[in-house]
Amino acid sequence: MIKLRIATGLGLVLFMAAVACGPVGMNQPRANGDGVTLASLVGKFTSKGSGSYTLCLNASLSAPVDCASAPHQEMPFNLTSVAHVTRDAGGNSCAVTTLTNEPAYGTISPAFRARINNTRTNVSTTTSFDPATGSGSSSFSQYRGGRCIGAVFDSTGAVLTGTGTQSFMVSDSGSRMDTIVTSFSVVTNPVGVPGMLKETMPMIKATSRRSGPLP
């Protein structure tokens, strides 16, 4: 079914490079005291996150459109994600993320009432980090396809689906971080168009823990 293929292809999105995170207040910077540096964040992490968004489609529900377009139909979704992330000493990371997109109750089309699972590759670069507070920010790109070789992204066969920014807070001597997506933009691709999402930031919050060092 074309409608279901649209939702599946979109994969929607979002998770971020899923840096490691944990349940520390993102809006309350604090003295870290752990001596954490970007180099001490090297290793592997497992991350879980959740969020929500609204997808805008044309009147026939056959293609995504910019949410500023009129007329259009809006499909609300809830999103959960599980990611396996590898970070290097330069603050770069590569993550393989499994996304589960579930239409919210009251969605307008039976074609969008099933859970849809997708896999995305997320590549992140740290843009700022303050060891005194353990807080930082990063930019990320999301791809359909490609693969992670450690923290390095192999873009062979990959299609860019979106870009964004996120903020994070390090805790537990660098063994966990709390991460939120602060912006996300869909780029033109075979299954997506800019402006097709309507969301309230933070779009996704995630919790991650260290699962192992670099090999």
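S137 pairs with exactly one of D130, T127, T182 by the side-chain hydrogen bond (donor to acceptor under 3.5 Å, both in side chains) rule, that one being T127.
Remark: the backbone N or O of G174 is paired with a side-chain donor or acceptor of R210 at under 3.5 angstrom. Side chain of T100 to main chain of T80: no donor-acceptor pair is present (N/O by atom type, distance under 3.5 Å, no hydrogens or angles). At distances below 3.5 Å, at least one donor-acceptor pair connects side-chain atoms of S211 with backbone N or O atoms of K44. Distance alone, capped at 3.5 Å, places no donor-acceptor pair between the T207 side chain and the K48 backbone. Remark: side-chain polar atoms of S183 are paired, donor with acceptor, to backbone N or O of T165 under 3.5 angstrom.
In this structure, L61 is a member of the same hydrophobic cluster as L197, with clusters built from ILVMFWY side-chain heavy atoms closer than 4.5 Å. A single hydrophobic cluster is not seen to contain both V159 and V187; linkage of ILVMFWY side chains at heavy-atom distances under 4.5 Å, directly or through other members, places them apart. Both Y53 and V193 belong to a common hydrophobic cluster when Ile, Leu, Val, Met, Phe, Trp and Tyr are linked at side-chain heavy-atom distances under 4.5 angstrom. Both V123 and L160 are members of a single hydrophobic cluster when ILVMFWY side chains are connected at heavy-atom separations under 4.5 Å.
Atom CG in D154 sits 9.5 Å away from atom SG in C148 (nearest 0.5 Å). The distance from atom CZ of F45 to atom OG1 of T179, rounded to the nearest 0.5 Å, is 10.0 Å. Interatomic distance, CG of L79 versus CG of N101, reported as 5.5 Å (0.5 Å rounding). Here the straight-line distance linking atom CG of D88 with atom OG of S93 works out to 8.0 Å at 0.5 Å rounding. The structure places OG1 of T86 at 12.0 Å from CG of N92, a figure rounded to the nearest 0.5 Å. Taking OG1 of T119 as the start and CZ of R144 as the end, the distance is 12.0 Å to the nearest 0.5 Å.
Closest of all the heavy-atom pairs between N58 and Q73 is O-CG, 3.7 Å. In this structure, G146 and T121 approach most closely via the heavy-atom pair O-OG1, 3.7 Å. In terms of heavy atoms, M75 sits closest to L57 at CG-CD1, 3.9 Å. Looking at every heavy atom in both residues, P64 comes nearest to G192 through CG-CA, 4.4 Å. The shortest heavy-atom contact between A158 and Y143 is CB-CD2, 4.0 Å. The heavy-atom pair separating G90 from L38 by the smallest distance is O-CD1, 4.3 Å.
L41 places a side-chain heavy atom less than 4.5 Å from the side chain of V36. Contact annotation: the side chain of I204 never approaches that of F184 to less than 4.5 Å [non-hydrogen atoms, C-beta and beyond].
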Problem - CA sep, side-chain torsions, deciding dist, call: R209, T46, side-chain contact (heavy atoms from CB on, under 4.5 Å) - result: CA-CA 6 Å; R209 293 182 180 273; T46 299; over 6 Å; no

Practice task
Report the C-alpha distance between R87 and V42 in whole Å, list the side-chain angles of each, state the deciding distance to 0.1 Å, and finish with yes or no for side-chain contact (heavy atoms from CB on, under 4.5 Å).
Solution key: CA-CA 5 Å; R87 294 181 58 92; V42 169; 5.8 Å; no

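Side-chain contact check for S52 and N78: no donor-acceptor pair (N or O, by modelled atom type) lies under 3.5 Å. Residues R176 and S171 bring a donor and an acceptor atom of their side chains to less than 3.5 Å of each other. Side-chain N/O atoms of S139 and T125 include no donor and acceptor closer than 3.5 Å.
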